[in-house]
Amino acid sequence: MTARSPFTCILWDVDGTLVDASDGILRRLSVTLAHYGLPAPTRPELVHWIGPPLYDSFQHHAKMTAEGAAEAVAFYRDLGRADGYTKDARLYPGMAELVHELAAAGVPQGTASSKPEVQVVALMEFFGLTEELVAITGATPDEKTLASKADIVAEALRRMEAAGVDVSRPVLIGDRHHDVDGGAAHGVPVIFVRWGFSWPHESEGAQAVVDDVAALRSLLLVDEPTA
């Protein structure tokens with residue numbers, strides 16, 4: 001059997017889609033908010049923090065000013081650098097195998113993450129996925145210059161196209177409504193995965209919703225008998 005994809009390229013969200021970094025995020029958020037005299041989020045409340053740019057989340061959820069949020073992001077990122085970015089992170093089961101299988105089938109792949117790009121690069125290297133990706137795209141370090149999902153999707157597509165990839169039929173795999181909205185801004189369909197950090201309504205507008213890796217694979221690869 002050989003496999004082909006109905007899409008010319010695949011863009012991956014990272015947090016909540018490829019990687020579960022929730023333990024480290026919760027720990028660093030708790031330390032950061034305590035530093036500013038604010039209560040730490042509970043694990044169930046992480047759904048509010050994982051996905052959107054932290055600069056926005058500190059303003060929205062912690063009620064910080066824009067200046068305070070920028071300072072909090074810098075403090076949080078210092079903790080991440082001390083951890084080496086990969087501490088407490090793990091791949092969701094089956095995702096590495098799927099990325100490798102897609103690459104073996106000749107499907108170009110890249111990331112489109114709201115996570116700072118330096119962290120995405122570190123994670124992809126740590127999990128041995130760098131060689132399977134045409135482009136690794138994430139947010140700028142300040143998480144303001146390049147931070148919105150729509151802008152990141154646009155930059156990811158630009159880099160893929162510059163590398164010679166056919167971007168006429170892309171798809172974005174994600175787990176938050178920001179992924180759906182960011183994809184829609186550029187006419188990119190989204191396959192929504194339910195194993196990340198989301199509320200049920202966040203999948204509205206996605207082309208498809210999947211509950212497990214097998215279902216995701218069935219949408220990304222079509223098996224064909226060999227002659």
Side-chain angles (χ1 to χ4, degrees), residues 1-25 43-44 46-47 50-51 85-86 88-115 119-138 149 152-153 156 160 165 169-180 182-183 188-226:
M1 298 286 285
T2 59
R4 64 172 179 83
S5 179
F7 304 102
T8 59
C9 63
I10 294 169
L11 299 179
W12 294 101
D13 174 51
V14 175
D15 276 341
T17 302
L18 286 174
V19 175
D20 180 359
S22 58
D23 287 346
I25 292 172
R43 177 163 284 279
L46 271 182
V47 69
I50 296 178
Y85 301 133
T86 60
D88 298 325
R90 64 180 182 87
L91 285 174
Y92 285 101
M95 292 307 292
E97 292 79 2
L98 179 56
V99 171
H100 290 309
E101 187 177 5
L102 286 161
V107 185
Q109 303 171 81
T111 67
S113 173
S114 296
K115 205 175 188 71
Q119 295 186 35
V120 181
V121 169
L123 286 165
M124 296 303 98
E125 290 178 349
F126 181 72
F127 290 118
L129 298 180
T130 302
E131 295 302 316
E132 313 292 32
L133 303 171
V134 175
I136 298 177
T137 305
K149 199 67 177 198
I152 288 169
V153 168
M160 298 283 277
V165 172
R169 296 191 312 281
V171 65
L172 171 65
I173 319 299
D175 73 311
R176 298 303 305 270
H177 71 89
H178 304 84
D179 299 309
V180 179
V188 178
V190 172
I191 298 176
F192 194 95
V193 302
R194 289 199 189 278
W195 54 76
F197 302 90
S198 65
W199 300 104
H201 71 277
E202 292 193 62
S203 63
E204 293 176 7
Q207 175 175 284
V209 180
V210 296
D211 293 306
D212 54 49
V213 176
L216 177 59
R217 182 198 182 281
S218 71
L219 295 176
L220 298 180
L221 286 170
V222 178
D223 291 319
E224 296 180 329
T226 54

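None of the values given here were measured: they were computed from a predicted structure.
One distance of note links CG of D212 with OH of Y92; it measures 14.5 Å at 0.5 Å rounding. The CZ atom of R90 sits 4.0 Å away from the CG atom of D20 when rounded to the nearest 0.5 Å. Between atom CG of residue L221 and atom CD1 of residue I10 there is a gap of 6.5 Å, rounded to the nearest 0.5 Å.
Looking at residues two or more places apart in sequence or on another chain, you find a side-chain hydrogen bond (donor to acceptor under 3.5 Å, both in side chains) between D23 and R43. Here T130 pairs with M124, E125, I136 under the side chain to side chain contact (heavy atoms under 4.5 Å, CB included) rule; sequence neighbours left out. Partners of D88 according to the salt bridge (Lys or Arg N to Asp or Glu O under 4.0 Å) rule, which considers only residues two or more places apart in sequence or in another chain, are R27. With sequence neighbours excluded, no residue forms a side-chain hydrogen bond (donor to acceptor under 3.5 Å, both in side chains) with R169.
I173 has its side chain out of reach of L11: every pair of non-hydrogen atoms, C-beta onward, lies at least 4.5 Å apart. Contact of the W195 side chain with the L216 side chain is registered, since non-hydrogen atoms from C-beta on lie closer than 4.5 Å. Side-chain atoms of L18 and L123, non-hydrogen and from C-beta on, never get closer than 4.5 Å to each other. Annotation: side chain of V213 is not in contact with side chain of P93 (no heavy-atom distance under 4.5 Å). Looking at K149 and D13, their side chains come closer than 4.5 Å, going by heavy atoms from C-beta outward.
In this structure, S5 and L220 approach most closely via the heavy-atom pair OG-O, 2.8 Å. Shown here for S113 and I152, the closest heavy-atom pair between the two residues is O-CD1, 3.2 Å. Minimum interatomic distance between P189 and F7 (heavy atoms only, all atoms of both residues): CG-CE2, 4.5 Å. Of all heavy-atom pairs spanning V180 and A206, the tightest one is CG1-N, 3.9 Å. In this structure, V222 and P6 approach most closely via the heavy-atom pair CG2-CD, 4.3 Å.
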Side-chain donor-acceptor pairs of residues 96-112 under 3.5 Å, sequence neighbours excluded:
unit_1, atom_1, unit_2, atom_2, d
H100, ND1, E132, OE2, 2.5
E101, OE1, R217, NE, 3.1
E101, OE2, R217, NE, 3.0
E101, OE2, R217, NH2, 2.6
Q109, OE1, W12, NE1, 2.9
Q109, NE2, V99, O, 3.0
T111, OG1, T137, N, 2.8
T111, OG1, T137, O, 3.0

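Put simply, the side chain of D175 gets close to the backbone of F197: a donor and an acceptor are under 3.5 Å apart.
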For D179 and F192, run side-chain contact (heavy atoms from CB on, under 4.5 Å): C-alpha distance rounded to whole Å, both residues' side-chain angles, the deciding distance at 0.1 Å, then the answer.
CA-CA 8 Å; D179 299 309; F192 194 95; 5.9 Å; no

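Counting only residues at least two apart or on different chains, the side chain to side chain donor-acceptor pair (under 3.5 Å) pairs with a member in residues 199-210 are R176-E202.
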